[in-house]
Amino acid sequence: MAEKTAGIESLGDLRGKRVLVRSDLNVPLDGTTITDDGRIRASVPTIKQLAEAGARVVVTAHLGRPKGEPDPAYSLRPVAERLSELLGRPVAFATDTVGSSATETVEGLGDGDVALLENVRFNDGETSKDDAVRSSFADQLAQLADAFVSDGFGVVHRKQASVYDVALRLPSAMGGLVAAEVDVLRRLTEHPERPYVVVLGGSKVSDKLGVIDNLIDKADKILIGGGMVFTFLKAQGHEVGKSLLEEDQLDTCTRYLAEAADRGVEIVLPTDVVVDTEFPSSDREPEPRVVAADAIPADALGLDIGPESSAAFAAALADARTVFWNGPMGVFEVDAFADGTRAVAEALTKVDGLSVVGGGDSAAAVRTLGFDEAAFGHISTGGGASLEFLEGKELPGIAVLERD
Ligand SMILES: Nc1ncnc2c1ncn2[C@@H]1O[C@H](COP(=O)(O)OP(=O)(O)OP(=O)(O)O)[C@@H](O)[C@H]1O
Ligand SMILES: O=C(O)[C@H](O)COP(=O)(O)O
């Protein structure tokens, strides 16, 4: 994909030009404190590159999922401050996206200056399914700039005004972050070195089953942990107590298990799990217990893979030459249920080949558990986007840059 798509140099001399950059600055916040700034750091090189080229850089991004109107809980102001620290230069903050503050802020930029517009999802035109509504918002965004750079890999799977429609209105280019992400993910889908092991976990079971469908004829082993486990265990006829379960996906899981067996792909499920009687909360000390995966008590729920499974997953990863990991193995945010995720992360750091971590929570897990990012081949900034890429779906934010 990337080789067909022009990079920033294709936009010509940018000195004095207003360049709108779509970044993914959707970071986790605790109040106004950024708890993981990985996506901001990943966005810095492109913004810096444009500023150094003399462009007047106008960054647009979303935070969370506000309902198409301003909501102070989702303000990008704290992100503007962090971006400014990381860039080592002021970042002007516009308190709206296309209104008077945005216009004045952009007008006030000198060559090489940087501005961040308030959360683009405070405008209902951004995410509207109605093409006309999205288009009219995209027209307003486009008026703020002379060129567009798409650099928010985490949103390229969204057909939204600041990702898709604006690229139809301005000379557009792919930013270095999107190009690098596409390049690595392509290595996972085209001729991966073998053995190729995929590790899936997390809580969004239905979101991830499509990936299994697409990888079942590419991967050698698929290791399943996290909240996904229980729908598979149930599909195998085991009781899962109060664990996360997506009943409507049982048939799909049964089909994948059969298909994998037919094709000689090993689907590895945990043999033991760490359970508790309640989901962790701040007003109760966890009481973790290890039980066999086929004997989860009716009053318990699985919150991590057990030690035997962690060792088995690490062993399955030991000789891998290509690994893709998406979704934590357990509720890693709570120490009592973080061991499985820690074991998989540790195993990935030892892979002799390409190891890719995809998914916002998995990437955050790696960092909060104290691993050095450099020990992994690549940590993707995209959760849904990297999954949809691996599912083989067309990503609107990339397709729009590649059109003739
Ligand atoms: N057994 C479990 N039961 C319930 N929740 C779980 C379980 N194991 C992991 N989780 C939760 O799954 C969440 C992460 O799942 P998710 O599918 O969102 O991961 P991700 O794909 O890495 O992230 P994102 O979709 O944000 O990019 C974590 O908050 C974790 O606590
Ligand atoms: O967190 C993400 O995966 C991206 O920022 C996209 O956010 P969204 O799922 O709300 O579109």
Side-chain angles (χ1 to χ4, degrees), residues 184 187-188 192-203 208 211-212 215-216 218-230 232-233 236 243 257 260 264-275 288-296 302-359 361-380 386 390:
V184 172
R187 283 164 63 195
L188 294 177
E193 265 196 80
R194 301 195 170 279
Y196 178 14
V197 182
V198 174
V199 191
L200 293 175
S203 55
K208 300 185 185 181
V211 187
I212 300 185
L215 292 181
I216 228 160
K218 298 195 175 75
D220 299 298
K221 287 180 193 167
I222 302 178
L223 316 182
I224 296 179
M228 301 191 66
V229 161
F230 308 99
F232 277 92
L233 288 174
Q236 286 182 325
S243 306
L257 288 167
V265 176
E266 214 183 319
I267 292 198
V268 184
L269 290 167
T271 50
D272 59 349
V273 287
V274 184
V275 298
R289 276 183 296 152
V290 177
V291 300
D294 58 2
I296 298 176
L303 295 166
D304 193 10
I305 60 172
E308 184 180 276
S309 310
S310 289
F313 281 22
L317 288 164
D319 68 341
R321 301 282 300 168
T322 307
V323 180
F324 174 70
W325 174 30
N326 173 276
M329 296 293 96
V331 182
F332 72 95
E333 297 90 338
V334 177
D335 214 36
F337 308 109
D339 285 349
T341 304
R342 197 175 280 118
V344 163
E346 180 77 42
L348 249 77
T349 64
K350 297 184 183 145
V351 167
D352 179 15
L354 175 64
S355 59
V356 179
V357 182
D361 276 301
S362 324
V366 159
R367 289 188 281 261
T368 53
L369 293 175
F371 287 91
D372 178 3
E373 286 177 61
F376 300 86
H378 180 72
I379 300 187
S380 176
S386 62
L390 292 183

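Reckoned from all heavy atoms, side chains included, excluding hydrogens, waters and symmetry mates. Every value quoted in this text rests on a predicted model; they were computed, and no experiment measured them.
- Going from atom CZ of Phe324 over to atom CG of Leu215 covers 8.0 Å, rounded to the nearest 0.5 Å.
- Contact record, Phe332 with Ala338: O-CB, 3.5 Å, taken as the closest heavy-atom pair.
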Item to check | Working for side chain to side chain contact (heavy atoms under 4.5 Å, CB included), residues Arg367 and Ile379 | outcome: CA-CA 10 Å; Arg367 289 188 281 261; Ile379 300 187; 4.2 Å; yes

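- With Lys350 contributing its side chain and Ala318 its backbone, the two residues share no donor-acceptor pair below 3.5 Å.
- A donor-acceptor pair is defined here as one N or O able to donate and one able to accept, closer than 3.5 Å; such a pair exists between the side chain of Arg321 and the backbone of Asp352.
- Between Ala363 and Val357, the shortest heavy-atom distance links the atoms N-CG1, 4.0 Å.
- For the salt bridge (charged side-chain N to carboxylate O under 4.0 Å, His left out) test, no residue two or more places apart in sequence or in another chain qualifies with Asp372.
- No side-chain donor-acceptor contact under 3.5 Å links Thr349 to the backbone of Ala375.
- Among residues two or more places apart in sequence or in another chain, the side-chain contact (heavy atoms from CB on, under 4.5 Å) test is passed with Ala260 by Ile216, Val265, Ile267.
- Other residues, nucleotides and ligands contribute over 12 non-hydrogen atoms within 6.0 Å of the CG atom of Asp319.
- Atom NZ of Lys208 and atom CG of Leu390 lie 12.0 Å apart (nearest 0.5 Å).
- Contact between Ala219 and Val198 at its shortest, heavy atoms only, is CB-CG2, 3.8 Å.
- Gly358 approaches Ser386 most closely through the heavy-atom pair CA-OG, 4.1 Å.
- Looking at Leu233, Ile212, Val199 one by one, the single match for side chain to side chain contact (heavy atoms under 4.5 Å, CB included) with Ile224 turns out to be Ile212.
- Remark: side-chain polar atoms of Ser203 are not paired, donor with acceptor, to backbone N or O of Gly227 under 3.5 angstrom.
- Between the side chain of Ser309 and the backbone N or O of Asp272 there is at least one donor-acceptor pair closer than 3.5 Å.
- Lys218 NZ to Arg194 CZ: the interatomic distance, rounded to the nearest 0.5 Å, is 10.0 Å.
- Between the CG atom in Asp294 and the CD atom in Gln236 there is a gap of 9.5 Å [rounded to 0.5 Å].
- Using a 4.5 Å heavy-atom threshold, the side chains of Trp325 and Ser355 count as separate.
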Next on the checklist: Apply side chain to side chain contact (heavy atoms under 4.5 Å, CB included) to residues Val211 and Asn326 and explain how you reach the verdict.
Outcome noted: CA-CA 10 Å; Val211 187; Asn326 173 276; over 6 Å; no

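- Between Ala365 and Thr341, the shortest heavy-atom distance links the atoms CB-CG2, 4.0 Å.
- Note on Glu346 versus Arg342: no salt bridge recorded, every NZ/NE/NH1/NH2 to OD/OE distance being 4.0 Å or above.
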Next on the checklist: Could you walk me through whether Val356 and Arg187 satisfy the side chain to side chain contact (heavy atoms under 4.5 Å, CB included) test, starting with their C-alpha distance in whole Å, then the side-chain angles of each, then the deciding distance to 0.1 Å, before giving a yes or no?
Outcome noted: CA-CA 10 Å; Val356 179; Arg187 283 164 63 195; over 6 Å; no

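- In summary, of the residues considered (Ile305, Leu303, Leu200, Leu223), a side chain to side chain contact (heavy atoms under 4.5 Å, CB included) with Met329 occurs for Ile305 alone.
- At distances below 3.5 Å, at least one donor-acceptor pair connects side-chain atoms of Asp304 with backbone N or O atoms of Asp339.
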Next on the checklist: Could you go through Phe230 and Val273, starting from their C-alpha distance and side-chain angles, then the distance that decides it, and tell me whether this counts as side chain to side chain contact (heavy atoms under 4.5 Å, CB included)?
Outcome noted: CA-CA 10 Å; Phe230 308 99; Val273 287; 4.2 Å; yes

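- Shortest non-hydrogen contact noted between Ala293 and Pro270 is CB-O, 3.2 Å.
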